Amino acid sequence: MFVILAAALGWSGYWVVGVQGVKSGFANWFGARQAQGWAAEYADLAVRGFPNRFDTTFTDLSLADPATGWAWEAPFFQILALSYKPNHVIAIWPDQQLLATPGDKYDITSAKMQASLVLDAGIDLPLNRSNLAADTVQVAAREGGTTTMTALRVAVQRVESTKHTYRMAVTADDLAPPLDFRTRIDAQGALPRTLAALRADLTVSFDRQWDRSAIEQSRPQPTALTLKLAEARWGELELLAAGELEIDTQGRPMGRLTVKARNWREMIQMAVAAGALSQGIGDQIENALGMLAGLSGNPKTLDVPLDFRRGLIFLGPLPVGTAPIVRLR
């Protein structure tokens with residue numbers, strides 16, 4: 001009996017000390033962000049879960065980094081961890097939150113949003129793997145429309161034997177683009193409200209590992225991307241892509257993606273309607289691709305390589321657009 005009582009008292013003492021460590025660690029982190037010029041505040045910080053958990057709840061949390069223009073506000077946020085396994089945590093978001101970017105502000109609502117994170121040992125807390133699940137998601141832009149989806153799933157895992165290469169999978173179920181966007185590109189209403197499929201499977205290498213410095217300092221930047229498969233299906237439109245790209249220090253991609261498109265003419269017309277292509281460029285691309293599609297035997301299906309070089313996208317020798325800059329702010 002004495003041994004059991006001593007063990008219970010010892011564990012209780014460990015838990016109390018651990019709670020104080022959690023509270024002081026978060027307080028120091030917020031203080032360090034404020035010293036860097038951030039707006040970093042919370043109304044209350046509570047740690048519960050005796051005897052086997054450290055369940056941390058922030059109330060009225062707000063973070064804003066003026067250097068990047070990103071900010072986030074939430075009425076609460078929870079980080080749950082087993083006291084004997086603190087490197088494996090569960091993060092739980094509220095059903096309403098605000099995300100501000102340099103371009104716009106977004107009101108995000110969801111029936112559920114949570115993620116598991118497994119961190120490797122080390123003071124920098126490098127990411128080993130993570131899985132995010134969100135249901136009944138609505139993202140309303142203050143300066144634009146509202147995007148909805150019934151489910152969002154994101155999985156990330158560091159590739160074994162590498163330090164900063166990660167395998168990623170993203171799936172959005174029943175994604176509905178904003179109404180004004182659908183009206184602009186599909187004035188006749190031929191497309192359904194939601195996409196039948198939107199998913200991607202890729203591997204990305206970065207210039208350094210993802211760890212706490214990604215929040216505190218700057219984001220790791222991608223250096224290479226292998227797209228195993230990206231797929232989008234919307235009504236009778238289908239788009240598949242795969243390939244490999246290198247990304248230079250300026251964020252310019254170099255390499256080749258092979259794209260397969262079904263009912264591709266309609267996609268070009270949509271791009272013109274959305275303002276992504278001018279009517280003249282759209283007509284030139286449609287004429288050039290029409291010859292290629294005719295050679296394949298199915299004029300409605302296109303299977304072509306797109307080359308990325310010198311900041312442009314090429315279809316054969318013909319530049320068809322400006323390559324996007326791949327940089328994380």
Side-chain angles (χ1 to χ4, degrees), residues 61-65 68-75 77 93-115 132-154 168-200 202 219 230-241 259 261-279 281-282 285 313 321-329:
L61 175 64
S62 64
L63 292 170
D65 180 5
T68 62
W70 286 80
W72 174 57
E73 296 179 4
F77 181 64
W93 285 263
D95 56 6
Q96 295 183 344
Q97 53 187 304
L98 172 66
L99 178 66
T101 73
D104 205 344
K105 293 182 177 180
Y106 301 90
D107 294 294
I108 303 172
T109 62
S110 58
K112 180 187 77 171
M113 182 181 293
Q114 63 184 46
L132 179 141
D135 295 331
T136 316
V137 181
Q138 177 175 289
V139 181
R142 297 278 179 91
E143 301 296 329
T146 298
T147 301
T148 64
M149 62 196 84
T150 58
L152 174 66
R153 300 290 184 265
V154 181
M168 305 180 184
V170 182
T171 302
D173 294 340
D174 301 318
L175 184 140
L179 177 60
D180 58 343
F181 174 78
R182 300 200 308 270
T183 302
R184 187 166 67 250
I185 68 172
D186 181 32
Q188 303 304 316
L191 293 171
R193 190 179 72 88
T194 63
L195 277 72
L198 182 62
R199 60 179 65 95
L202 63 158
R219 263 51 65 197
E231 177 185 10
R233 284 189 286 115
W234 194 4
E236 296 299 314
L237 308 180
E238 182 176 31
L239 184 66
L240 305 173
V259 176
R262 184 164 60 91
N263 293 320
W264 58 272
R265 293 181 188 274
E266 288 84 347
M267 295 182 190
I268 293 177
Q269 294 166 7
M270 289 168 57
V272 171
L277 294 175
S278 68
Q279 186 64 59
I281 293 296
I285 294 174
I313 305 173
T322 301
I325 297 298
V326 185
R327 300 287 292 174
L328 302 180
R329 291 197 58 170

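On a predicted model such as this, the values are computed, not experimentally measured, just so you know. FYI, the numbering just counts along the sequence from 1.
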Inset, instruction - Mind jotting down which residue pairs meet the side-chain hydrogen bond (donor to acceptor under 3.5 Å, both in side chains) criterion with at least one end in residues 182-199? Sequence neighbours excluded, please. - result: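 Residue pairs passing side-chain hydrogen bond (donor to acceptor under 3.5 Å, both in side chains), neighbours aside: Arg199-Glu231.
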Considering residues at least two apart in sequence or located in another chain, which fulfil the side chain to side chain donor-acceptor pair (under 3.5 Å) criterion with [X]?
X: Trp72; result: Gln97
X: Arg327; result: none
X: Thr101; result: none
X: Thr150; result: Asp174

Locate the shortest heavy-atom distance separating [X] from [Y]; write the atom from each residue and the value.
X: Ser110; Y: Pro94; result: OG-O, 3.9 Å
X: Ile313; Y: Pro324; result: CD1-CD, 4.4 Å
X: Pro177; Y: Trp234; result: CG-CH2, 3.8 Å
X: Ser278; Y: Val272; result: O-CG2, 3.8 Å
X: Leu198; Y: Leu175; result: CD2-CD1, 3.8 Å

Inset, instruction - Step by step, work out the side-chain contact (heavy atoms from CB on, under 4.5 Å) result for Ile108 and Met113. - result: CA-CA 10 Å; Ile108 303 172; Met113 182 181 293; 4.3 Å; yes
Legend entry - With Tyr106 via ring-ring contact (aromatic ring centres under 6.0 Å, His included) - residues at least two apart: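 Tyr106 satisfies ring-ring contact (aromatic ring centres under 6.0 Å, His included) with no other residue.
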Please output the side-chain donor-acceptor pairs of residues 141-149 that fall under 3.5 Å, not counting sequence neighbours, one pair per line with the distance.
unit_1, atom_1, unit_2, atom_2, d
Arg142, NE, Asp107, OD2, 2.6
Arg142, NH2, Asp107, OD1, 3.1

Inset, instruction - Sequence neighbours left out, what passes side-chain contact (heavy atoms from CB on, under 4.5 Å) with Met267? Give chain and number order. - result: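 Scan of Met267 (side-chain contact (heavy atoms from CB on, under 4.5 Å), adjacent residues dropped) gives Leu237, Leu239, Ala261.
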Inset, instruction - Sequence neighbours left out, what passes side-chain contact (heavy atoms from CB on, under 4.5 Å) with Ala64? Give chain and number order. - result: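 Ala39, Ala71.
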Salt bridge (Lys or Arg N to Asp or Glu O under 4.0 Å) against [X], all qualifying residues, sequence neighbours excluded:
X: Lys112; answer: Asp135
X: Arg262; answer: Glu236, Glu238
X: Arg329; answer: none

Inset, instruction - Look up atom CD in Gln279 and atom CD in Gln269, then write down how far apart they are to the nearest 0.5 Å. - result: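 Between atom CD of Gln279 and atom CD of Gln269 there are 8.5 Å.
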Inset, instruction - To the nearest 0.5 Å, tell me how far Gln138 CD sits from Asp95 CG. - result: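 Reported value, rounded in 0.5 Å steps: 12.0 Å.
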Inset, instruction - Please check if the side chain of Arg153 supplies one atom and the backbone of Ala134 the other of a donor-acceptor pair under 3.5 Å. - result: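 Here the side-chain-to-backbone pair exists.
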Legend entry - Trp93 side chain vs Phe77 backbone, donor-acceptor pair below 3.5 Å: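 No, the answer is negative, given that no donor and acceptor are paired below the 3.5 Å cut-off.
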